Amino acid sequence: MNTSWWEWDHAFAVFPVLLDGFKITLLATVLGTLIALVLGLVVAMIRRSAPRVLSAPVTGVVEFIRMTPLVIQLVFANLALSPYIDSTLAIGIWVLGIHYTTYMAEVYRAGIDSVPKGQWEAATALSLPRLRTWRSVVVPQAIRNTLPALGNYAISMFKETPFFVVIYIPEMVRNAQTYGGDTFRYTEAITLAGLIFLAASYPTSLLIRRLEKKLA
């Protein structure tokens, strides 16, 4: 059945194209999340415990990244790094990961601050080295307290991958736009792209909600 606003032939034709883009979207989300999780913890630890000569510049960089749009960061990084890095996708993933590092660092910092003071005092009383205190006492408790918030930021990152369109990475939404431009049928392509985003992000958000209740 065909209508003027929806044609199933185009829906079936564009679906494999969107799935190809979804693979890139998913890859960027997974790698970007890993970057943000690792660098976010490092940044949080530096801002929490490092000497001011080190923590102050890190804080300045974090605030600068948080206060500038992701789109501008993508365009600028692509212009600056494309002569040296062949993969635009790699540039996009690192920009996305570093952008969300600044948010996840704040989540980690809140988690670290939530560790009871007595835990720190007990580690000191046992003469634990500072590195072991962080590794064995503080970080495990902080991560447990922050898992739901970190998961929510991962979902947000997934939903912001369409910004890759500004540096011509063929993720799902760009593929939808390209198909629409070639066939003059945007409705099916954009609608299906939105439904794929919903199908991927909604169940994940429910899992995170269950995890949050379990950890509460």
Side-chain angles (χ1 to χ4, degrees), residues 1-40 65-66 68-82 85-104 148-209 211:
M1 178 180 177
N2 292 333
T3 66
S4 60
W5 62 273
W6 183 270
E7 293 186 3
W8 284 106
D9 289 344
H10 284 288
F12 290 127
V14 75
F15 191 70
V17 178
L18 296 179
L19 289 183
D20 287 340
F22 179 75
K23 294 175 185 176
I24 293 178
T25 297
L26 189 60
L27 176 65
T29 302
V30 171
L31 295 182
T33 298
L34 290 175
I35 291 170
L37 287 173
V38 175
L39 293 184
I65 293 174
R66 289 184 65 187
T68 53
L70 176 59
V71 172
I72 300 300
Q73 294 170 17
L74 286 167
V75 173
F76 179 81
N78 189 50
L79 290 173
L81 299 177
S82 56
I85 301 177
D86 292 334
S87 174
T88 305
L89 178 59
I91 295 173
I93 289 171
W94 275 100
V95 171
L96 188 66
I98 291 173
H99 183 84
Y100 271 88
T101 290
T102 62
Y103 295 100
M104 291 191 180
L150 295 174
N152 286 328
Y153 275 124
I155 293 175
S156 296
M157 187 184 303
F158 173 68
K159 293 187 293 185
E160 290 200 347
T161 53
F163 285 132
F164 282 1
V165 69
V166 298
I167 55 175
Y168 309 107
I169 294 174
E171 48 75 47
M172 187 163 56
V173 172
R174 176 165 176 79
N175 283 1
Q177 292 178 330
T178 301
Y179 182 89
D182 292 340
T183 62
F184 301 102
R185 294 295 308 185
Y186 287 94
T187 302
E188 295 82 5
I190 297 299
T191 301
L192 287 176
L195 290 175
I196 292 172
F197 269 109
L198 178 64
S201 60
Y202 184 65
T204 306
S205 69
L206 292 180
L207 289 174
I208 291 173
R209 197 174 303 168
L211 178 62

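Only a predicted model underlies this, so the values are computations on that prediction, with no experimental measurement involved.
With hydrogens and angles disregarded, a donor-acceptor distance shorter than 3.5 Å links the side chain of Glu188 to the backbone of Glu7. In this structure a side-chain-to-backbone donor-acceptor pair under 3.5 Å is present from Thr161 to Phe158. Distance alone, capped at 3.5 Å, is enough to place a donor-acceptor pair between the Asn175 side chain and the Val17 backbone.
Using a 4.5 Å heavy-atom threshold, the side chains of Phe15 and Ile196 count as touching. Between Thr88 and Ser82, every side-chain heavy-atom pair lies at or beyond the 4.5 Å cut-off. Two residues are said to be in side-chain contact when any heavy atoms from C-beta on lie closer than 4.5 Å; Tyr179 and Leu18 fail this criterion. When side chains are defined from C-beta on, Leu89 counts as touching Leu27, because their heavy atoms get closer than 4.5 Å.
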Quick one: do Ile208 and Ile155 satisfy side-chain contact (heavy atoms from CB on, under 4.5 Å)? Show the steps, please. CA-CA 10 Å; Ile208 291 173; Ile155 293 175; 3.5 Å; yes
Test side-chain contact (heavy atoms from CB on, under 4.5 Å) on Thr191 and Trp6 and set out the steps. CA-CA 10 Å; Thr191 301; Trp6 183 270; 3.8 Å; yes
Trace of the ring pair (Phe, Tyr, Trp, His ring centres under 6.0 Å) decision for Phe197 with Phe22: CA-CA 9 Å; Phe197 269 109; Phe22 179 75; 7.5 Å; no
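The shortest non-hydrogen separation linking Ala176 to Ala189 is O-CB, 3.5 Å. For Ile93 against Gly32, the heavy-atom pair with the smallest separation is CG2-N, 3.9 Å. Considering all non-hydrogen atoms of both residues, Ala11 and Leu192 come closest at O-CD1, 3.5 Å. Met157 approaches Ala36 most closely through the heavy-atom pair CE-CB, 4.2 Å. The two residues Ala154 and Thr29 have their closest heavy-atom pair at O-CG2, 3.9 Å. Across Val95 and Ala77, no two heavy atoms sit closer than the pair CG2-CB, 3.4 Å.
Rounded to the nearest 0.5 angstrom, Phe164 CZ and Leu74 CG are separated by 6.0 Å. Here CG of Leu70 is found 11.0 Å from CD1 of Ile65. Values are rounded to the nearest 0.5 Å. Of the inter-residue distances, the one linking Leu37 atom CG with Thr101 atom OG1 reads 8.5 Å to the nearest 0.5 angstrom. Between the CE atom in Met104 and the CG atom in Asn152 there is a gap of 9.5 Å [rounded to 0.5 Å]. Expressed to the nearest 0.5 Å, how far CD of Glu160 lies from NE2 of His99 amounts to 6.0 Å. For the atom pair Leu211 CG and Leu206 CG, the distance stands at 12.5 Å (nearest 0.5 Å).
Within the 6.0 Å centre-distance limit, the rings of Tyr100 and Tyr103 are counted as a close aromatic pair.
In summary, Glu171 and Arg174 do not engage in a salt bridge, as defined by a charged side-chain N under 4.0 Å from a carboxylate O.
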